[in-house]
Amino acid sequence: MTKPSVKTFTSKEGDMIDCVEINKQLTLDHRLLKNQKVQMEPNLHVTSLHKTSPNAKSVRFGLRELCPIGGLPICRVIKEDLVSVTSLPKIPSVVSLIDNMVQNIKYGGGGCVTVYNMTVAHDQMTAYNKWNEFGPPKHISMIAAGWMVSTGDTLSQLFTYWMGEEVTPGFLLRPCSTYGGSQCELIIDIEQDRNTGNWWLVVLRPSIKVGYWPKELFPFFDGICPPMGSGHKPDDTFKRAAIFRRLHWVQWDGKFLSPSDNTTE
């Protein structure tokens with residue numbers, strides 16, 4: 001589960017981080033990506049993401065120690081990680097919005113989501129994410145990004161998800177929201193590169209390009225529940241709920257398109 005690293009260090013939280021050459025990362029071993037040439041910069045039409053709400057702070061993420069140029073920070077997978085992941089079900093679609101305006105060609109979408117830390121059991125996980133889903137019913141392709149608290153953990157991390165296989169960058173998100181108090185948001189946008197067809201994940205403001213899902217991965221893209229959201233039942237106070245705001249599609253020219261009146265839950 002590891003590749004030779006050019007540097008290894010331990011994060012503040014005790015995770016081993018391997019700096020792997022970007023062209024030797026594990027994802028390139030996927031059968032559909034054998035001849036993939038890594039795209040270093042995207043050609044995106046969205047030049048700036050939404051500002052954080054005046055009622056909320058923006059989260060931050062990153063490593064205190066950097067990898068050498070050309071190195072990709074990858075959290076080392078240990079046996080316990082594999083056991084916990086295989087014991088969990090696939091992430092379900094609990095609540096979703098469907099936009100029936102099919103005549104509008106979509107090149108991505110995004111929004112702002114509040115982030116919380118919470119405690120989950122060793123056989124549970126909780127996630128709050130935004131996803132793009134395309135394809136016929138029997139061949140659905142999906143790209144998702146958001147935050148997640150992993151099994152037996154208490155800290156919220158950036159994560160991504162595609163085609164039913166989870167990939168967790170594992171960047172811790174700080175600061176997080178306080179129930180009934182200060183709110184912190186993660187700004188997420190997923191957009192297609194018009195030149196290559198790859199799907200890029202962009203977060204925060206100013207924009208940070210985290211990486212991309214190669215187009216080859218998406219052939220059809222033309223008991224007791226764990227806590228969710230803020231960990232409390234919703235009421236009329238936004239400071240006591242995990243929310244998505246300013247949801248939007250991305251049009252061909254990079255302009256944002258609000259969900260239509262035909263959007264259904």
Side-chain angles (χ1 to χ4, degrees), residues 1-44 58-86 115 125 127 129 143-153 155-174 186-193 195-218:
M1 293 297 295
T2 60
K3 289 279 189 173
S5 61
V6 295
K7 177 182 178 181
T8 297
F9 61 91
T10 303
S11 70
K12 180 181 178 181
E13 294 71 33
D15 294 321
M16 293 293 293
I17 307 297
D18 292 317
C19 298
V20 178
E21 289 184 46
I22 194 168
N23 290 308
K24 295 181 180 179
Q25 56 184 293
L26 275 170
T27 52
L28 298 180
D29 290 342
H30 192 285
R31 61 183 178 81
L32 296 178
L33 305 179
K34 290 296 185 180
N35 299 315
Q36 178 76 200
K37 182 179 180 180
V38 176
Q39 181 183 359
M40 301 302 293
E41 282 293 332
N43 176 39
L44 304 179
S58 177
V59 301
R60 301 181 301 274
F61 70 90
L63 300 170
R64 299 179 67 181
E65 191 167 348
L66 300 178
C67 284
I69 295 176
L72 186 69
I74 298 177
C75 186
R76 184 176 295 180
V77 177
I78 59 178
K79 182 179 178 180
E80 288 76 11
D81 295 329
L82 297 176
V83 171
S84 63
V85 169
T86 55
V115 181
M125 53 80 69
N129 57 78
I143 299 173
W147 61 264
M148 176 176 103
V149 179
S150 300
T151 57
D153 203 352
L155 301 177
S156 181
Q157 299 176 319
L158 175 71
F159 92 104
T160 62
Y161 188 89
W162 67 273
M163 291 285 284
E165 296 183 27
E166 184 183 341
V167 181
T168 309
F171 289 111
L172 292 177
L173 302 174
R174 296 194 181 97
L186 172 63
I187 305 173
I188 305 171
D189 212 66
I190 297 174
E191 186 187 349
Q192 188 180 37
D193 185 312
N195 291 344
T196 64
N198 297 327
W199 291 83
W200 278 80
L201 171 62
V202 184
V203 299
L204 304 185
R205 188 178 186 275
S207 301
I208 297 176
K209 303 175 185 69
V210 178
Y212 67 92
W213 294 269
K215 63 180 180 181
E216 289 83 359
L217 299 175
F218 310 106

**Student:** Has the side chain of Q192 got a donor or acceptor atom that lies under 3.5 Å from a matching backbone atom of G197?
**Tutor:**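 Flag set: sc Q192 to bb G197 pair under 3.5 Å.
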
**Student:** Return the minimal non-hydrogen interatomic distance between I17 and C75, and the atom names on each side.
**Tutor:**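 What the structure gives for the nearest pair is CD1-CA, 3.9 Å.
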
**Student:** Is I188 close to L201 at the side-chain level, that is, under 4.5 Å between some pair of heavy atoms?
**Tutor:**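 When only atoms from C-beta onward are counted, I188 and L201 do touch, with a gap below 4.5 Å.
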
**Student:** Crowded around N35 CG? As in, over 12 foreign heavy atoms under 6.0 Å?
**Tutor:**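 Not buried by this count: 12 neighbours or fewer within 6.0 Å.
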
**Student:** Counting only N and O atoms by type, is there a donor-acceptor contact under 3.5 Å from the side chain of Y212 to the main-chain atoms of Q39?
**Tutor:**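 It does hold such a pair.
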
**Student:** Is there a side-chain contact between L155 and L173 (heavy atoms, below 4.5 Å)?
**Tutor:**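 Of all side-chain heavy-atom pairs linking L173 with L155, none is under 4.5 Å.
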
**Student:** Taking the side chain as everything from C-beta on, heavy atoms only, tell me whether C19 gets closer than 4.5 Å to T8.
**Tutor:**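 Result no, sub-4.5 Å side-chain heavy-atom pair not found.
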
**Student:** Kindly say whether N43 contributes a backbone atom to a donor-acceptor pair with the side chain of D193 at under 3.5 angstrom?
**Tutor:**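 Answer holds: yes.
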
**Student:** Check the surroundings of atom NZ in K24: do more than 12 heavy atoms from other residues, nucleotides or ligands lie under 6.0 Å from it?
**Tutor:**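 It does not: K24 NZ has 12 such atoms or fewer within range.
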
**Student:** Is any side-chain heavy atom of K3 closer than 4.5 Å to a side-chain heavy atom of L26?
**Tutor:**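 Yes, close enough: below the 4.5 Å cut-off.
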
**Student:** Measure the shortest side-chain to side-chain distance between L44 and V202 over non-hydrogen atoms and say whether it is less than 4.5 angstrom.
**Tutor:**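 Answer yes - side chains close enough.
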
**Student:** Say whether, by atom type as modelled, one donor and one acceptor occur between the side chain of K7 and the main chain of L66 under 3.5 angstrom.
**Tutor:**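 Yes: the side chain of K7 pairs with the backbone of L66.
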
**Student:** If every non-hydrogen atom of W200 is compared with every non-hydrogen atom of W213, which pair is closest and at what distance?
**Tutor:**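 Heavy atoms only, the tightest pair is C-CZ3, 4.3 Å.
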
**Student:** What I'd like to find out is whether the side chain of L217 reaches to under 4.5 Å of the side chain of H30, using heavy atoms alone.
**Tutor:**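 Side chain of L217 against side chain of H30, heavy atoms only: contact under 4.5 Å found.
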
